[in-house]
S.K.: 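Sharing a structure with you now.
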Amino acid sequence: MSDEYKGHAKIEELTIIRDVLIMPYMLDMLDNAKNYAEWSGSILKGLTKELGEILMNIITGDLADLRNELRRRQIKTWDMDQDDIALWMGYSARGYVSKFGITKEAARSQIKIMLGTYMGQIIQAMRGMVKR
């Protein structure tokens, strides 16, 4: 390992930490949307609820995989706090202790990107199953 990264988290590791930080918020958003769909009168409420469940299961699995990857890399994380502007997570990487923060606006943008990717994968799989 180069001296540049000795102890410090690499960019790739910070990306994993970011995702571990925001994925629980994604799960909360999907759970709220699923609950809202349950009470709506939409004719697509069953589909919306089922898609929400599928997304939540995939994200939960990916979150577990990311946490395992951090563990494999000997990086420990812990919830810190949130303020009016940012979300924070503490981490320890190979003896280097720091905290990672992301603004709420950046987190929202990243959540939209990630949800779009997940939904795109599901839609692509569904298109392959449907015959016209």
S.K.: Quick one: does Thr77's side chain get under 4.5 Å of Leu21's, heavy atoms only?
M.R.: no
S.K.: Residues in side chain to side chain donor-acceptor pair (under 3.5 Å) with Asn57, at least two apart?
M.R.: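 Counting only residues at least two positions away or on another chain, Asn57 forms no side chain to side chain donor-acceptor pair (under 3.5 Å).
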S.K.: Using the rule that Ile, Leu, Val, Met, Phe, Trp and Tyr join whenever any side-chain heavy atoms are under 4.5 Å apart, tell me whether Val20 and Ile58 fall into a single cluster.
M.R.: yes
S.K.: What pairs with Gln124 under side chain to side chain donor-acceptor pair (under 3.5 Å), at least two apart in sequence or on another chain?
M.R.: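 In terms of side chain to side chain donor-acceptor pair (under 3.5 Å), with neighbours along the sequence ignored, Gln124 is linked to no residue.
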S.K.: What verdict does the side chain to side chain contact (heavy atoms under 4.5 Å, CB included) test give for Arg94 and Ile75, after you've listed the backbone C-alpha separation in whole Å, the side-chain angles of each residue and the deciding distance to 0.1 Å?
M.R.: CA-CA 7 Å; Arg94 298 168 293 275; Ile75 298 173; 4.2 Å; yes
S.K.: For a quick test of your reading: what N or O donor-acceptor pairs under 3.5 Å do the side chains of residues 33-49 make, sequence neighbours left out?
M.R.:
| unit_1 | atom_1 | unit_2 | atom_2 | d |
| --- | --- | --- | --- | --- |
| Lys34 | NZ | Glu53 | OE2 | 2.4 |
| Asn35 | ND2 | Asp31 | O | 3.3 |
| Ser40 | OG | Ala37 | O | 3.0 |
| Ser40 | OG | Ser42 | N | 3.4 |
| Ser42 | OG | Leu44 | N | 3.0 |
| Thr48 | OG1 | Leu44 | O | 2.9 |

S.K.: Same hydrophobic cluster for Ile123 and Ile54, using side-chain heavy-atom links shorter than 4.5 Å among ILVMFWY?
M.R.: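 Different clusters: Ile123 never reaches Ile54 through Ile, Leu, Val, Met, Phe, Trp or Tyr contacts under 4.5 Å.
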S.K.: State plainly whether one hydrophobic cluster holds both Ile113 and Leu63, where clusters connect Ile, Leu, Val, Met, Phe, Trp and Tyr through side-chain heavy atoms under 4.5 angstrom apart.
M.R.: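 In one cluster with Ile113: Leu63, no.
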S.K.: Which residue pairs satisfy the side-chain hydrogen bond (donor to acceptor under 3.5 Å, both in side chains) criterion with at least one member in residues 110-122, sequence neighbours excluded?
M.R.: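 Only Asp62-Tyr118 qualify under side-chain hydrogen bond (donor to acceptor under 3.5 Å, both in side chains).
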S.K.: Applying a strict under-4.5 Å side-chain criterion to I, L, V, M, F, W and Y, I'd like to know whether Ile85 and Leu87 cluster together.
M.R.: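 No.
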S.K.: Measure the spacing between OG1 of Thr15 and NZ of Lys10 and express it to the nearest 0.5 Å.
M.R.: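 Separation between the atoms: 12.5 Å.
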S.K.: About how many Å separate CG of Leu66 and CD1 of Ile59, when rounded to the nearest 0.5 Å?
M.R.: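 Those atoms lie 11.5 Å apart.
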S.K.: If we only count heavy atoms from C-beta on, is the Leu70 to Tyr91 side-chain gap below 4.5 Å?
M.R.: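 SC-SC contact between Leu70 and Tyr91 ruled out.
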S.K.: Which residues pass the salt bridge (Lys or Arg N to Asp or Glu O under 4.0 Å) test with Arg67, not counting sequence neighbours?
M.R.: none
S.K.: Under 4.5 Å between any side-chain heavy atoms of Arg18 and Leu14, yes or no?
M.R.: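 Side chain of Arg18 against side chain of Leu14, heavy atoms only: no contact under 4.5 Å found.
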S.K.: Could you state the interatomic distance from CG (Asp79) to CE (Met89), rounded to the nearest 0.5 Å?
M.R.: 5.0 Å
S.K.: Suppose we screen for side chain to side chain donor-acceptor pair (under 3.5 Å). Which residues come up paired with Glu105, at least two apart in sequence or across chains?
M.R.: Arg108
S.K.: Got a second to check how far Leu55's CG is from Leu115's CG, nearest 0.5 Å?
M.R.: 6.5 Å
S.K.: How long is the span from the CD1 atom in Ile111 to the NZ atom in Lys104, to the nearest 0.5 Å?
M.R.: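 If I round to the nearest 0.5 Å, the distance is 11.5 Å.
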S.K.: Nearest 0.5 angstrom please: Met126 CE to Leu51 CG, how far?
M.R.: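 One gets 7.5 Å once the value is rounded to the nearest 0.5 Å.
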S.K.: Answer with yes or no whether the hydrophobic clustering places Trp78 together with Trp88; edges join I, L, V, M, F, W, Y residues whose side-chain heavy atoms lie under 4.5 Å apart.
M.R.: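 Same hydrophobic cluster.
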